[in-house]
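Structure, as structure tokens:
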Amino acid sequence: MWMWVIYASCAALFAGITSILAKIGIQKIDSNLATALRTGIVVIFAWIIVFAGNMQHSLFDISLKSLLFLILSGVTTGASWIFYFRALQLGNVNVVVPIDKSSTVLTMLFAITILSESVTRLKMISMAVIGIGTYLMIQKQDVEQSASKISHSILYAGLSAFFAAITAILGKVGIDDVDSNVGTAIRTIVVLIMAWLIVFATKKQGDLKKLDKKSWLFITLSGLATGLSWLFYFRALQEGQASIVVPIDKLSIIVTIIFAYFVFKEKLSMKACIGLLLLTSGTLLLVV
């Protein structure tokens, strides 16, 4: 058990770093274009891992069912990313991230009902504690922001959470008989195609000329951090229960909040601190 707990914890670490790097990288460009560029970095990174491990031969052994679910999980990942980074662009990190992390409870419910994972009293208590903690962490936006921006950032963060929950379930089914690194590489191609289709549909490809060196640097770094997060995440999903792996992965919020404090000077209220404590406690109960 402990290996997939370690994998999930590493996924959380890199996912937390990703949010901050991406927030910096998308300050001056369209969020959809930034998502497409980041995904390109993830694709290159994921396939380097596949070929470095000589795993490309297993591509021919993937069943149609696994391929279908990997493609579907790629589509839902793309949707989650697009809504998430749009929300990040409009709202504060400490508002958007907790809403996005509410996908934890949704994923646990889906895992129990769809994947028939075990239901224990401890798991139900943990789910309730995580849910309450997540709710308490959702802070009010700055009053300087328009009501339209606030409502849209909350809406996009909520949609991101919904698609992230579906992604975890589809990904769990899709990598049952597939190497997790190969599965990740396949999914990233789907996300890349989807992201660039949206960029061209919204005619934002011209914004590439506006990118400065700083934006390129942080988009590249966030792409690498995302790639590492995904590799650990889907390895953990392959070996462990989705209803436990996902909550551990969502502890990335701790890393994000720490960086948000030092980089963006965003502070948590007392209520949000209590929420973070409950969220962390609920997740640790699951590991126990």
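Please read these numbers as outputs of a predicted model, since none were measured by experiment. The figures here come from the full heavy-atom set of this structure, side chains too, leaving out hydrogens, waters and symmetry mates.
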What orientation do Phe83 and Phe163 show, parallel under 30°, tilted 30 to 60°, or perpendicular over 60°?
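Judged by the thresholds at 30° and 60°, the geometry between Phe83 and Phe163 is parallel.
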
Give the ring-plane orientation class for Phe234 versus Trp230, where under 30° counts as parallel, over 60° as perpendicular and anything between as tilted.
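Taking Trp230 first and then Phe234, their aromatic rings stand perpendicular (interplane angle over 60°).
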
Result block: side-chain N/O donor-acceptor pairs under 3.5 angstrom for residues 194-203, not counting sequence neighbours:
unit_1, atom_1, unit_2, atom_2, d
Thr202, OG1, Ile198, O, 2.8
Thr202, OG1, Val199, O, 3.1

Does [X] use its side chain to pair, donor to acceptor, with the backbone of [Y] at less than 3.5 Å?
X: Ser229; Y: Ala225; answer: no
X: Thr280; Y: Leu276; answer: yes
X: Ser58; Y: Met55; answer: yes
X: Ser103; Y: Phe162; answer: no
X: Gln238; Y: Trp4; answer: no

Could you grab the distance from atom [atom1] of [X] to atom [atom2] of [Y], nearest 0.5 Å is fine?
X: Ile186; Y: Phe69; atom1: CD1; atom2: CZ; result: 14.5 Å
X: Thr226; Y: Ile219; atom1: OG1; atom2: CD1; result: 11.5 Å
X: Asp249; Y: Leu13; atom1: CG; atom2: CG; result: 11.0 Å
X: Leu285; Y: Ile244; atom1: CG; atom2: CD1; result: 11.5 Å
X: Leu70; Y: Lys65; atom1: CG; atom2: NZ; result: 11.5 Å
X: Ile274; Y: Ser281; atom1: CD1; atom2: OG; result: 11.5 Å

Please answer: with hydrophobic residues joined when any side-chain heavy atoms are less than 4.5 Å apart, are [X] and [Y] in the same cluster?
X: Phe45; Y: Phe51; result: yes
X: Leu64; Y: Leu59; result: no
X: Leu277; Y: Leu279; result: no

Could you pull out the closest heavy-atom pair between [X] and [Y], with the gap in Å?
X: Ile248; Y: Ala8; result: CG2-CB, 3.6 Å
X: Val96; Y: Ala157; result: O-CB, 3.9 Å
X: Ser222; Y: Leu21; result: CB-CB, 3.6 Å
X: Leu33; Y: Leu208; result: CD2-N, 3.8 Å
X: Thr188; Y: Thr39; result: O-CG2, 3.7 Å
X: Ala46; Y: Ala185; result: CB-CA, 3.9 Å

Leu37 vs Leu211, side-chain contact (heavy atoms from CB on, under 4.5 Å): CA-CA, chis, key distance, verdict:
CA-CA 11 Å; Leu37 292 172; Leu211 280 176; 3.5 Å; yes

Sole residue of Val173, Ile166, Thr167 in side chain to side chain contact (heavy atoms under 4.5 Å, CB included) with Leu170
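It is Ile166; the other options fail the test.
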
Under 3.5 Å, is there a donor on one side chain and an acceptor on the other for Gln205 and Asp207?
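Their side chains do not contain a donor-acceptor pair, so the 3.5 Å distance test is not met.
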
Side chains of Asn181 and Thr184: do they bring a donor and an acceptor to under 3.5 Å?
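No pair is found: no donor N or O on one side chain lies under 3.5 Å from an acceptor on the other.
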
List for me each residue that meets salt bridge (charged side-chain N to carboxylate O under 4.0 Å, His left out) alongside Glu239, sequence neighbours excluded, and say none if there are none.
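With sequence neighbours excluded, Glu239 shows a salt bridge (charged side-chain N to carboxylate O under 4.0 Å, His left out) to Arg235, given in chain and number order.
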
What residues, two or more places apart in sequence or in another chain, satisfy salt bridge (charged side-chain N to carboxylate O under 4.0 Å, His left out) together with Asp61?
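Testing Asp61 for salt bridge (charged side-chain N to carboxylate O under 4.0 Å, His left out), a comparison that skips the adjacent residues, returns none.
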
If you look only at distance, which donor and acceptor atoms sit under 3.5 Å apart when one is on a side chain in residues 123-131 and the other is two or more places apart or in another chain?
unit_1, atom_1, unit_2, atom_2, d
Lys123, NZ, Ser118, O, 2.9
Lys123, NZ, Gln241, OE1, 3.1
Lys123, NZ, Ser243, OG, 2.8
Ser126, OG, Leu122, O, 2.8
Ser126, OG, Gly282, O, 3.3

Clusters formed by hydrophobic residues whose side-chain heavy atoms approach within less than 4.5 Å: which one holds Ile48, and what are its other members?
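Its cluster partners, ordered by chain and number, are Ile44.
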
Quick one: side-chain contact (heavy atoms from CB on, under 4.5 Å) partners of Ala12, sequence neighbours excluded?
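Ala12 satisfies side-chain contact (heavy atoms from CB on, under 4.5 Å) with Ser252 once adjacent residues are dropped.
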
